[in-house]
Amino acid sequence: MSSPSAPFYIHPDWQKSFQANRLNNFDDLWELELELADAGNRGRGEGGWSRVGFYSLPESPSASPKIVVKKQQNYLIRTWRQPVRGMLTFVKEFNMFQRIASLGIPVPQVVYCATRRQGNHHQAILVTAWLEGYEPLDKILDCWQRCRPDRVERARLLRPVAETVGQLHQNRLAHRCLYPKHLFVDTNQPQPRCCLIDLEKTRWSPWRANLRCRDLAQLVRHTENFPRRDAVVFLRAYLGRETLGAEGKKLWRAVHRQIKRKTH
């Protein structure tokens with residue numbers, strides 16, 4: 001028998017929509033049949049699992065009726081606050097969403113987050129708004145391999161990505177899972193916007209140089225055939241400078257040293 005669970009967060013703009021779609025409690029969301037994004041993850045606890053899926057709400061306050069629903073059970077991460085038992089990773093991600101949004105860094109709107117204990121199982125649900133009009137960077141780069149846009153268009157799309165990552169690092173936050181599929185870009189706007197997703201592993205670090213190298217090396221390693229000219233455009237926007245300069249060249253060398261350590 002499950003213990004009662006009131007949501008510890010629900011966005012006020014979405015309350016009526018949830019009620020209209022008969023999503024009144026944790027159970028209603030937990031039982032939703034979702035369009036799964038992938039096979040999900042397992043581990044991080046006894047019988048731990050975590051899944052991401054999509055669901056369309058006929059009644060929605062946003063431009064898109066789609067929401068992203070993340071469910072997990074016994075999927076824990078140890079923190080300095082909870083070094084033994086650990087905490088559900090979606091609770092950590094919810095806190096990071098709120099923190100990063102407060103810094104003015106673009107992230108999806110958090111719609112709902114709640115946890116409950118059912119028998120010996122710890123469960124969590126995190127719901128975010130669908131990023132209407134956005135595409136993941138890996139899909140954009142794949143398109144570039146088939147039909148390469150000109151240099152101006154490539155720079156237009158790369159700058160917001162670099163600026164968003166740079167803003168994250170300026171606040172001494174390391175994404176720690178900075179893959180192209182976790183950087184979503186709105187390509188339809190005159191000034192494209194980039195949103196960060198998948199913040200389960202994101203954390204604060206006092207050593208900005210280390211977090212920069214690790215994140216950027218992850219991004220480069222998972223970005224095939226990234227031309228040097230585009231890399232220069234990215235680094236200039238990341239550093240907020242017109243020219244790469246000594247700092248940019250030093251950073252680029254450090255990133256490549258990090259990549260070599262990972263690949264050898």
Taking all non-hydrogen atoms of both residues, which atom of [X] and which atom of [Y] are closest, and how far apart?
X: F26; Y: A114; answer: CE1-O, 3.5 Å
X: F234; Y: L158; answer: CD1-O, 4.2 Å
X: T223; Y: L219; answer: OG1-O, 2.5 Å
X: E135; Y: I140; answer: O-CD1, 3.9 Å
X: K92; Y: T202; answer: NZ-O, 2.6 Å

Considering only heavy atoms from C-beta outward, does the side chain of [X] approach that of [Y] to under 4.5 Å?
X: R151; Y: R229; answer: yes
X: R51; Y: R42; answer: yes
X: I125; Y: F90; answer: no
X: V111; Y: F18; answer: yes
X: C177; Y: E200; answer: no
X: C194; Y: D186; answer: no
X: L216; Y: W252; answer: no
X: D27; Y: R116; answer: yes

Nearest-0.5 Å distance that lies between atom [atom1] in [X] and atom [atom2] in [Y]:
X: L36; Y: E33; atom1: CG; atom2: CD; result: 9.0 Å
X: R261; Y: H256; atom1: CZ; atom2: NE2; result: 13.0 Å
X: Q109; Y: C195; atom1: CD; atom2: SG; result: 10.5 Å
X: L88; Y: L126; atom1: CG; atom2: CG; result: 11.0 Å
X: H121; Y: Q118; atom1: NE2; atom2: CD; result: 7.5 Å
X: R99; Y: R203; atom1: CZ; atom2: CZ; result: 12.5 Å

Take L251 and C213 through the test side-chain contact (heavy atoms from CB on, under 4.5 Å) and record every step on the way to the result. CA-CA 7 Å; L251 175 59; C213 284; 4.2 Å; yes
[X], [Y]: one ILVMFWY side-chain cluster at the under-4.5 Å cut-off?
X: I10; Y: I67; result: yes
X: V233; Y: W144; result: no
X: F94; Y: I105; result: yes
X: Y179; Y: V185; result: no
X: L183; Y: I100; result: yes

Charged N-O contact under 4.0 Å between E93 and K70: yes
If the threshold is 4.0 Å, N to carboxylate O, is there a salt bridge linking R148 and D230? yes
Show the atom names and distances, to 0.1 Å, of all donor-acceptor pairs under 3.5 Å that link a side chain in residues 239-248 to residues at least two apart or in another chain.
| unit_1 | atom_1 | unit_2 | atom_2 | d |
| --- | --- | --- | --- | --- |
| R241 | NH1 | E247 | OE1 | 3.0 |
| R241 | NH2 | E247 | OE1 | 2.7 |

So does R172 have more than 12 non-hydrogen atoms from other groups sitting under 6.0 Å from CZ? yes
A quick test of your reading: do over 12 heavy atoms of other residues, nucleotides or ligands sit less than 6.0 Å from CG of N120? no
Evaluate the criterion side-chain contact (heavy atoms from CB on, under 4.5 Å) for residue pair Q19 and N24; output intermediate values, then yes/no. CA-CA 6 Å; Q19 292 168 0; N24 298 310; 3.9 Å; yes
Would you say the side-chain atoms of [X] and [Y] include a donor-acceptor pair closer than 3.5 Å?
X: Q73; Y: H122; value: no
X: R221; Y: Q218; value: no
X: Q72; Y: T89; value: yes

Using only atom types and a distance under 3.5 Å, with no angle test, would you say the side chain of [X] pairs donor to acceptor with the backbone of [Y]?
X: R176; Y: L199; value: no
X: K66; Y: E132; value: no
X: R154; Y: P149; value: yes
X: H222; Y: A217; value: no
X: N21; Y: L23; value: no

Could you list who else is in I197's hydrophobic cluster, with ILVMFWY side chains joined at under 4.5 Å, directly or through other members? L131, Y134, F184
R159: which residues meet the salt bridge (charged side-chain N to carboxylate O under 4.0 Å, His left out) condition with it, sequence neighbours left out? none
For R214, what residues pass the salt bridge (charged side-chain N to carboxylate O under 4.0 Å, His left out) criterion, not counting sequence neighbours? none
Under the rule for ring pair (Phe, Tyr, Trp, His ring centres under 6.0 Å), what residues qualify as partners of W49, not counting sequence neighbours? W30
Atom pairs and distances, donor-acceptor, side-chain atoms in residues 161-170, under 3.5 Å, two or more places apart:
| unit_1 | atom_1 | unit_2 | atom_2 | d |
| --- | --- | --- | --- | --- |
| T164 | OG1 | P160 | O | 2.8 |
| Q167 | NE2 | L103 | O | 3.4 |
| H169 | ND1 | Y238 | OH | 2.7 |
| H169 | NE2 | D215 | OD2 | 2.8 |

Check V68, V107, V69 against T128 for a side chain to side chain contact (heavy atoms under 4.5 Å, CB included) and give me the one that passes. V68
Assess whether side-chain contact (heavy atoms from CB on, under 4.5 Å) is satisfied between N171 and W204, documenting all intermediate values. CA-CA 8 Å; N171 286 280; W204 182 84; over 6 Å; no
Under the ring pair (Phe, Tyr, Trp, His ring centres under 6.0 Å) rule, what do F54 and W130 come out as? Steps first, then yes or no, please. CA-CA 8 Å; F54 314 114; W130 176 257; 5.2 Å; yes
Between L157 and E153, does a side-chain contact (heavy atoms from CB on, under 4.5 Å) hold up when you go through it step by step? CA-CA 7 Å; L157 296 181; E153 177 63 10; 3.9 Å; yes
